Student: 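One structure, pasted below without further comment.
We use all heavy atoms of the structure for the numbers below, so side chains are in, but hydrogens, waters and symmetry mates are not. Residue numbers begin at 1 in each chain, while the letters A, B, ... track the order of the sequences. What you are looking at is a predicted structure, and each value in this text was computed from that prediction instead of being measured.
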4 protein chains.
Amino acid sequence: MDTADKLAEIFKEFPGIGERQARRFVYFLMARNPAYVEGLAKLLSELKKETRRCKECFRFFADNPRRSPAAKSVEICELCSDPNADPELLMVVEKDSDLESIRKSGTYGGKYFVLGGLVPIVEKDTPKFVRIKELKERMSRKWEALPPTGGRQGLPRGNSLKEVILAFSLSPQGDHTDFYIRNELKESAEKFGIKISSLGRGLSTGTELEYSDNDTIKNALKNRQ
Amino acid sequence: MDTADKLAEIFKEFPGIGERQARRFVYFLMARNPAYVEGLAKLLSELKKETRRCKECFRFFADNPRRSPAAKSVEICELCSDPNADPELLMVVEKDSDLESIRKSGTYGGKYFVLGGLVPIVEKDTPKFVRIKELKERMSRKWEALPPTGGRQGLPRGNSLKEVILAFSLSPQGDHTDFYIRNELKESAEKFGIKISSLGRGLSTGTELEYSDNDTIKNALKNRQ
Amino acid sequence: MDTADKLAEIFKEFPGIGERQARRFVYFLMARNPAYVEGLAKLLSELKKETRRCKECFRFFADNPRRSPAAKSVEICELCSDPNADPELLMVVEKDSDLESIRKSGTYGGKYFVLGGLVPIVEKDTPKFVRIKELKERMSRKWEALPPTGGRQGLPRGNSLKEVILAFSLSPQGDHTDFYIRNELKESAEKFGIKISSLGRGLSTGTELEYSDNDTIKNALKNRQ
Amino acid sequence: MDTADKLAEIFKEFPGIGERQARRFVYFLMARNPAYVEGLAKLLSELKKETRRCKECFRFFADNPRRSPAAKSVEICELCSDPNADPELLMVVEKDSDLESIRKSGTYGGKYFVLGGLVPIVEKDTPKFVRIKELKERMSRKWEALPPTGGRQGLPRGNSLKEVILAFSLSPQGDHTDFYIRNELKESAEKFGIKISSLGRGLSTGTELEYSDNDTIKNALKNRQ
C-alpha cells in the first residue's frame with residue numbers, strides 16, 4: 001500500500017466519509033500546492049500537542065501555547081474559566097459537538113459538562129465512558145480544592161450551582177439517559193438544593209402540524225403558553 | 001384528448017402528484033377490474049353529496065345519510081357536537097389536515113376551529129379565506145342563538161370558552177399568523193376573560209442537539225422544566 | 001367507516017401512495033367544488049367502459065366510442081393499427097408505462113408487445129402473466145387470420161416481422177428476462193429469419209464516470225464507437 | 001483563531017465538506033489518540049513529497065521512494081510504465097478520479113491520458129488546464145525521444161497508438177468536449193491512422209425504461225444489438 005492508499009484508509013475513518021470520498025480527498029490533496037498540504041500536516045501535529053481534555057467539563061480544547069503556566073497547571077478550558085459564565089447553571093450534554101452547537105447559538109450563558117455518551121437502554125451496566133460519578137462529584141465538591149493559580153482570574157471560587165440542565169437529543173436513548181441521570185442525581189440534588197431540569201419540548205423549527213408525531217403534539221400541547 | 005389523458009390531467013392536480021405519477025394512476029386503474037373503478041367513482045359522487053362544511057369549526061365533514069333531520073338542520077360536525085369535547089378549550093388550526101393530525105394523536109380533548117389559511121407576511125390585507133371575523137364571533141357569541149334541535153344531545157348550550165390555543169406550524173408565516181391573531185383577539189380575550197395560548201416550543205421528536213438551529217435551542221432552554 | 005375513510009382506503013392502493021397522502025387526497029376533494037369531483041367520477045366510469053386490452057400488443061387502451069364498428073370488432077389499439085408503424089420491428093416491453101415512455105420519446109417507429117411482467121430469477125415456473133406463449137404466436141402467426149374489417153385501413157396484412165427488440169430495464173431481473181426470452185424465441189427466430197436484439201448499454205444521460213459501476217464502464221467500453 | 005478553528009477552515013475546503021462536518025472532523029481528531037493524528041500528519045507530508053505528475057498521462061501519482069533512479073529520472077507513473085498495458089489504446093479522461101474509477105473496474109487494459117478538465121460550452125478560449133496541445137503531441141511524437149533508462153523495462157519504445165477513446169461523463173459539457181476534441185484531433189488522427197472513438201451509450205445499470213429520458217432511449221435503440 002502506498003502513501004495515497006494509506007491516507008485514503010485513514011480518511012475512511014473520518015465521520016461520515018466513505019471509500020469514494022476518502023479517495024477524492026487524496027486526489028484533492030495531491031493536486032493542491034505543497035505548502036497547503038504541509039500547512040495541514042503542521043496544524044494536525046499542533047492540534048494534538050495542544051489538545052487537552054478540560055478537568056472541569058471534560059470537553060477537548062486547544063491549549064493555546066500562550067496560556068500562562070498557572071492556567072496550564074489547572075488544565076481548565078476557556079469556557080470553564082470564563083468569568084462571565086453563570087456558575088449557577090450547569091448544562092449536561094452528551095458530547096463535544098452538542099456543546100459546540102449550543103455555545104454557537106449564543107443562547108446559554110452558564111457552565112457545561114460533557115457526559116461522554118448516552119446511557120444504553122438494554123445493557124445492565126452503564127459504560128465507563130459515561131461520567132456519572134464525575135457529574136456527582138461536580139455537584140458536591142468544594143471549589144476551594146482547586147490548585148491555587150496566579151490571579152485566579154475567572155476561576156471558580158465556590159460551588160454556587162443552582163440548576164443542572166439535562167440537554168440530550170430527543171430519542172429513546174436520550175430519554176432514557178435523562179431518566180437515568182435524574183434518578184442518579186436525586187440525592188445530591190436534594191442535599192445541595194440543586195434543581196434538575198431538562199430542555200423543553202414541543203414544536204421545533206420547521207415542524208409542520210400535519211406531519212407531527214403524537215409525542216411532539218402531546219408535548220407542544222402540555223407546554224403551551 | 002381521450003378519457004385516459006383527461007384523467008391524467010385531473011390526477012396531476014392532486015396534492016403532490018406530478019405528470020408521471022398521474023399517468024401511472026391511470027394505468028393502475030385501467031388494469032384493475034371494472035368493479036373497483038366503479039366503486040371508486042361511486043364513492044367520489046357520494047363524497048361530494050355528503051361533504052358539508054361545519055358551521056362551528058369550518059372543517060369539511062361527511063354528512064352521514066343516517067343523521068337525523070335535526071342534526072342535519074344545524075350542519076355541525078361530529079367533533080363539534082361531541083358531548084365529551086371540553087367546551088372550555090378551542091384550538092385554532094390552519095387547515096383540515098392539521099386538525100386531523102391532532103385528532104388522531106389522541107392528546108387533545110377540546111373543540112377546534114379551522115382558520116382556513118395562514119396570514120401572509122407581506123400582503124397588507126388578510127385574505128378573506130382566513131376566518132378571523134368568524135373566530136372573533138366564535139369567541140363572543142351566545143350559543144343560545146343556535147337553532148333548536150331534537151334532543152340537543154351533545155350540542156353546546158352556552159359559551160363556556162376559557163382558552164384559545166393557537167396551533168400553527170413553526171415557520172415564519174406560522175409565527176406571523178400567531179402574532180397577528182393574538183393582536184386581533186386581544187380585545188375579545190380581555191372582555192370575555194379568555195386566555196390565548198400557543199403550542200409549546202422546544203425539542204421535537206428526533207431533534208439532535210448537534211444539528212439544532214438557534215431558535216430551537218433558545219426555545220428548549222427557555223421552556224426547560 | 002364513512003365515505004371519506006373508504007375513499008382514503010382506496011387511494012392507499014394507488015401506486016406510491018401512503019396513508020397520509022391518501023387522506024390528503026380526500027381533503028383535497030372535499031374542498032374542491034362538486035362539479036370537479038363529479039367530473040372525476042364520470043371520467044372514471046368512462047375509463048373503465050372504454051378500456052380495452054389490445055389483442056395485438058396487450059396494452060390497455062381507451063376504446064373511443066367514436067371508433068367504427070369494424071375497428072371495434074378487432075379490438076386493436078391505435079398503435080397496432082397505425083399504418084405508419086414499421087411492421088418489421090417489434091419491441092417487447094415489460095409493462096404499459098415502459099411502452100408509454102418509449103412512445104413519448106418519439107425515437108421508435110415500430111410495433112410493440114407488452115410482456116406483462118419480468119421473469120423471476122428464482123422461481124421455477126414462469127408466471128402466467130408473462131406472455132411468452134403469446135409472443136411466440138405473434139412471431140409465427142399468419143396475419144391473414146385476422147377478422148376482415150371495413151377498409152382494413154392500417155391493419156397488418158402479413159407477418160413481415162424482421163426484428164424483435166427486447167427492451168427491459170437494466171436490473172438483475174431485467175437481465176434474466178432478456179436471457180430467458182432469447183432462449184425461448186431462439187427456434188422461432190431461426191425458423192422465420194427474425195433477428196433478436198436488446199437495447200444498447202453504456203453511459204446514460206447524467207452518468208458520471210467517477211461514480212460509474214463496473215458493468216456500466218464495461219458496457220460503455222465494449223460498445224464504444 | 002486557534003488551531004482547531006484553522007483546521008476546520010482547511011477541512012471546509014475538502015470536496016463535499018461543509019462547515020459542520022469540518023468541525024466534526026476536528027472533534028474526531030481531538031478525541032483520537034496522538035499517534036493516530038501524528039500518523040496522519042506524517043502521511044500528509046510524505047504524500048506531498050512523493051506526489052508527482054506523470055509526464056505521460058498527467059495523472060498525479062505517488063513516487064515510491066524505492067523506485068530506481070532511472071525510473072525517477074523519467075517521472076512516469078506505474079500505469080504508463082506497465083509493460084502489460086496495451087500501447088495501441090489511449091483513453092482520454094477528464095480527471096484523476098475518472099481514471100481511478102475505470103482502472104478499478106478492471107475492464108480496460110490500455111493507456112490513459114488525463115485531459116485536466118472539460119471544454120466549456122460558452123467561452124471562446126479553451127482554458128489552458130485542458131491539455132489539448134499535449135494530447136496532440138502524445139498522438140504524434142516519437143517515443144524514441146524519451147531519455148534512456150536502466151533496462152527500459154516496460155517503457156514504451158515506439159508510438160504504436162491505434163485508437164484514442166474519448167471517455168467523458170454524459171453531460172452537455174462532456175458532449176461538447178467530445179465534439180471539440182474530435183475536431184481538434186481529426187488531422188492527426190488521419191495522418192497517423194489513429195481511430196477516434198467515444199464510450200458507448202445506452203441503458204446503464206439501474207436504468208428503468210419508465211423513467212428514462214429521450215436521449216437515453218434513443219441511444220439504447222440506436223446501439224441495440
Side-chain angles (χ1 to χ4, degrees), chain A residues 1-11 13-53 59-66 78 95-101 104 116, chain D residues 1-11 13-53 59-66 78 95-101 104 116:
Chain A
M1 232 178 25
D2 64 14
T3 306
D5 292 335
K6 282 183 206 155
L7 259 177
E9 283 300 307
I10 288 191
F11 284 136
E13 294 183 44
F14 275 41
I17 299 306
E19 190 165 346
R20 284 240 154 110
Q21 209 170 0
R23 181 58 63 176
R24 289 183 74 194
F25 284 0
V26 175
Y27 291 129
F28 167 78
L29 292 171
M30 278 179 160
R32 298 302 297 247
N33 68 59
Y36 176 92
V37 182
E38 266 309 326
L40 173 56
K42 199 150 159 277
L43 281 173
L44 285 170
S45 297
E46 273 167 30
L47 179 77
K48 215 51 205 183
K49 271 180 218 125
E50 291 181 14
T51 296
R52 299 287 179 273
R53 178 167 278 178
R59 68 187 274 261
F60 290 103
F61 70 106
D63 181 27
N64 195 298
R66 292 180 303 273
E78 76 279 12
K95 55 188 188 293
D96 285 62
S97 44
D98 291 345
L99 186 155
E100 188 68 17
S101 175
K104 282 208 167 163
Chain D
M1 232 177 29
D2 64 14
T3 306
D5 292 335
K6 282 184 206 156
L7 259 177
E9 283 299 308
I10 288 190
F11 284 135
E13 294 183 46
F14 274 42
I17 299 307
E19 190 165 346
R20 286 241 155 110
Q21 209 171 359
R23 180 59 61 176
R24 289 183 74 193
F25 284 1
V26 175
Y27 291 129
F28 166 79
L29 292 171
M30 278 179 158
R32 299 303 298 249
N33 68 59
Y36 176 92
V37 182
E38 266 308 325
L40 173 56
K42 199 149 160 275
L43 280 173
L44 285 170
S45 298
E46 271 167 32
L47 179 77
K48 216 52 206 183
K49 270 182 219 123
E50 290 182 13
T51 296
R52 299 286 179 274
R53 179 167 277 178
R59 70 187 273 261
F60 290 103
F61 70 106
D63 181 28
N64 196 299
R66 291 180 303 274
E78 75 279 12
K95 55 189 187 292
D96 284 62
S97 43
D98 291 345
L99 186 155
E100 188 69 15
S101 176
K104 281 208 168 162

Student: Quick one, A:M30 and D:D96 - any side-chain contact, counting heavy atoms below 4.5 Å?
Tutor: no

Student: Of the listed residues (D:K49, D:R32, D:R24), which shares the most heavy-atom pairs with chain A below a 4.5 Å separation?
Tutor: D:R32

Student: With a 3.5 Å distance limit and no angle check, can you tell me whether A:E50 reaches the backbone of D:A4 through a side-chain donor-acceptor pair?
Tutor: no

Student: Measuring from atom CZ of D:R20 to atom OG of A:S97, what distance do you get when rounded to the nearest 0.5 angstrom?
Tutor: 10.0 Å

Student: Report the C-alpha separation of D:F61 and A:D2 in whole Å, then their side-chain angles, then the decisive distance to 0.1 Å, and conclude whether the side chain to side chain contact (heavy atoms under 4.5 Å, CB included) test is met.
Tutor: CA-CA 10 Å; D:F61 70 106; A:D2 64 14; over 6 Å; no

Student: Check A:E46 with D:K6, please: is the shortest side-chain N to carboxylate O separation under 4.0 Å?
Tutor: no

Student: Out of curiosity, D:L7 CG to A:L43 CG, how far, rounded to the nearest 0.5 Å?
Tutor: 5.0 Å

Student: Could you tell me the separation between the CZ atom of A:F25 and the CD1 atom of D:I17, rounded to the nearest 0.5 Å?
Tutor: 3.5 Å

Student: Within this structure, what is the CG-CD distance for the pair D:L40 and A:E13, rounded to the nearest 0.5 Å?
Tutor: 10.0 Å

Student: Measure distances from D:R59 to the heavy atoms of chain A and classify the residue's part below 4.5 Å as side chain, backbone, both or neither.
Tutor: neither

Student: Heavy-atom count check: over 12 atoms from other residues, nucleotides or ligands less than 6.0 Å from A:E19 CD?
Tutor: no

Student: Select, from D:K95, D:Q21, D:K42, the one with the greatest count of heavy-atom pairs under 4.5 Å involving chain A.
Tutor: D:Q21

Student: Heavy-atom distances under 4.5 Å only: say whether A:T51 touches chain D with side chain, backbone, both or neither.
Tutor: side chain

Student: Would you mind checking which part of D:F60 comes under 4.5 Å of any heavy atom in chain A, side chain (CB onward), backbone (N, CA, C, O), both or neither?
Tutor: both

Student: Check each atom of D:R23 against the heavy atoms of chain A and say whether the ones under 4.5 Å are side chain, backbone, both or neither.
Tutor: side chain

Student: Out of curiosity, D:K48 NZ to A:T3 OG1, how far, rounded to the nearest 0.5 Å?
Tutor: 12.5 Å

Student: Is it the side chain or the backbone of A:N33 that comes within 4.5 Å of chain D heavy atoms, both, or neither?
Tutor: backbone

Student: How are the rings of A:F28 and D:F14 set to each other: parallel, tilted or perpendicular (split at 30° and 60°)?
Tutor: tilted

